[in-house]
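Here the structure comes first, spelled out in structure tokens, and everything after it is commentary.
Here, residue 1 is the first one in the sequence, and each next residue gets the next number.
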Amino acid sequence: MDLRLFRVTSFSAAGGLLFLSGFVLYGAMLLVPLYFQQVRGQDAFTAGLLIAAQGVGALVSRGPAGILTDRIGPRWVAFAGLVVVAAATVPFAFVTTDTREWWLVTALVVRGVGLSAVTGPVMAGAYLGLDRAAVPHASIITRTAQQVGESFGTAVLAVVLQRSIAAHADTGPAGRARAFDVAFWWSIGFTAVAIVLALWLPTGSED
């Protein structure tokens with residue numbers, strides 16, 4: 001791998017964003033079904049159906065996100081997508097044992113819209129401005145950053161959740177819900193870092 005590619009600001013930002021996608025996407029995808037099962041008492045099949053709403057949102061925005069990326073570049077599309085993801089995760093940071101499921105499913109649809117508007121533009125931003133000979137190296141680095149981020153993000157949020165559950169072990173279901181609140185706030189915090197990094201992605205004029 002040609003690590004000199006990290007001298008390119010937009011490539012470094014894209015690599016960092018792909019790493020953080022592990023926290024933004026896969027970490028939260030660990031927390032959401034566990035909340036439905038451990039706090040709301042849903043079985044695994046029902047929890048899977050509920051989180052499928054996020055996929056519906058992703059399908060809705062995939063086409064428009066690609067068109068906007070071609071017109072204005074990846075920076076503001078990814079930035080807006082991450083803001084939507086953060087906002088749609090906030091309801092999960094206030095979950096209780098009585099939070100209405102339709103409200104959470106709606107938030108998942110909106111979250112899916114945001115996530116789909118992030119991945120494509122970030123990948124596009126990673127390659128803008130690179131020489132043709134650098135593209136294979138860039139491909140390896142971006143894929144590695146994404147895969148390491150997926151594993152690392154899931155592991156970090158799993159540890160945060162486990163420690164929070166242990167801290168609220170004596171407070172019953174309500175305490176367990178508060179433990180999930182803590183973990184979701186961590187996910188939102190990592191998304192906020194990603195929002196800042198998105199500002200270093202190129203615009204359409206920076207080809």
* Please lay out, stage by stage, how R176 and H168 fare under the test side-chain contact (heavy atoms from CB on, under 4.5 Å). => CA-CA 6 Å; R176 183 168 297 178; H168 296 87; over 6 Å; no
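- Placement of V60 and L104 in two distinct hydrophobic clusters is found when ILVMFWY residues are connected by side-chain heavy-atom separations under 4.5 Å, directly or transitively.
- Here the closest non-hydrogen pair linking A107 and P91 is CB-CG, 4.1 Å.
- Put simply, the side chain of D131 never gets that close to the backbone of A134: no donor and acceptor are under 3.5 Å apart.
- The minimum heavy-atom distance linking G16 with L197 is given by the pair C-CD1, 3.9 Å.
- Separation of atoms NE2 (H137) and CG (L130) is listed at 11.0 Å; rounding is to 0.5 Å.
- Under a hydrophobic clustering in which Ile, Leu, Val, Met, Phe, Trp and Tyr are joined whenever their side-chain heavy atoms come within less than 4.5 Å, directly or via other members, I72 and V118 fall into the same cluster.
- The backbone N or O of P33 sits less than 3.5 Å from a side-chain atom of Q37, completing a donor-acceptor pair.
- Closest approach of L128 and S10 over heavy atoms only: O-OG, 4.0 Å.
- By the 4.5 Å side-chain criterion applied to Ile, Leu, Val, Met, Phe, Trp and Tyr, V90 is assigned to a cluster that also includes F94, W185, I188.
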* To do: In sequence, state the C-alpha distance, the side-chain angles, and the governing distance for V109 and Q54, and then conclude on side-chain contact (heavy atoms from CB on, under 4.5 Å).
  => CA-CA 5 Å; V109 173; Q54 185 166 274; over 6 Å; no
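- Looking only at side-chain heavy atoms (C-beta outward), L17 and L82 come within less than 4.5 Å of each other.
- The backbone N or O of A65 lies less than 3.5 Å from a partner atom in the side chain of T69, making a donor-acceptor pair.
- Across L50 and V105, no two heavy atoms sit closer than the pair CD2-CG2, 3.7 Å.
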* To do: List the steps, then state whether side-chain contact (heavy atoms from CB on, under 4.5 Å) holds for W76 with L68.
  => CA-CA 9 Å; W76 298 115; L68 281 173; over 6 Å; no
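- R75 is not listed as a side-chain neighbour of P202, based on a closest heavy-atom distance of 4.5 Å or more.
- Summarising the geometry, atom CD belonging to E150 is positioned 6.0 Å from atom OG belonging to S21; distances are rounded to the nearest 0.5 Å.
- You'll find the side chain of L201 stays beyond 4.5 Å of the side chain of P121, heavy atoms only.
- Linking ILVMFWY residues whenever their side-chain heavy atoms come closer than 4.5 Å, directly or via other members, places V85 and V32 in the same cluster.
- Between M29 and the choices T154, L115, I51, the side chain to side chain contact (heavy atoms under 4.5 Å, CB included) rule is met once, by I51.
- Cluster annotation: L59 and V56 are assigned to distinct hydrophobic clusters (Ile/Leu/Val/Met/Phe/Trp/Tyr, side-chain heavy-atom contacts under 4.5 Å, transitive).
- Between T89 and R111, the side chains place a donor N or O and an acceptor N or O closer than 3.5 Å (distance only, hydrogens not considered).
- Surrounding CZ of R40 are more than 12 heavy atoms belonging to other residues, nucleotides or ligands, all under 6.0 Å away.
- Here the side chains of W200 and S12 are not in contact, with every heavy-atom distance at 4.5 Å or above.
- Side-chain contact check for V159 versus R163: some heavy-atom pair is nearer than 4.5 Å.
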* side-chain contact (heavy atoms from CB on, under 4.5 Å) assessment of I165 paired with Q38 -> CA-CA 11 Å; I165 289 176; Q38 296 189 12; 3.8 Å; yes
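- The side-chain heavy atoms of V39 and V95, taken from C-beta on, include no pair separated by under 4.5 Å.
- Counting all heavy atoms, side chain and backbone alike, G81 lies closest to A117 at CA-CB, 4.1 Å.
- Between S187 and L157 there is a side-chain heavy-atom pair separated by less than 4.5 Å.
- In terms of heavy-atom proximity, F19 sits nearest to V148 at CE1-CG1, 3.9 Å.
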* To do: Tell me, with the steps shown, if Y35 and F184 meet ring-ring contact (aromatic ring centres under 6.0 Å, His included).
  => CA-CA 10 Å; Y35 163 76; F184 279 116; 7.1 Å; no
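- The local environment of CZ in F152 is sparse, with at most 12 non-hydrogen atoms from other residues, nucleotides or ligands closer than 6.0 Å.
- To the nearest 0.5 Å, atoms OG1 (T106) and CH2 (W102) are separated by 6.0 Å.
- Side-chain atoms of T96 and T99 form a donor-acceptor pair, as typed in the model, at a separation below 3.5 Å.
- Ring pair F6/F11: centre-to-centre distance below 6.0 Å.
- Linking ILVMFWY residues whenever their side-chain heavy atoms come closer than 4.5 Å, directly or via other members, places F92 and F180 in the same cluster.
- For the atom pair CG (L31) and CG (D181), the distance works out to 11.0 Å, reported to the nearest 0.5 Å.
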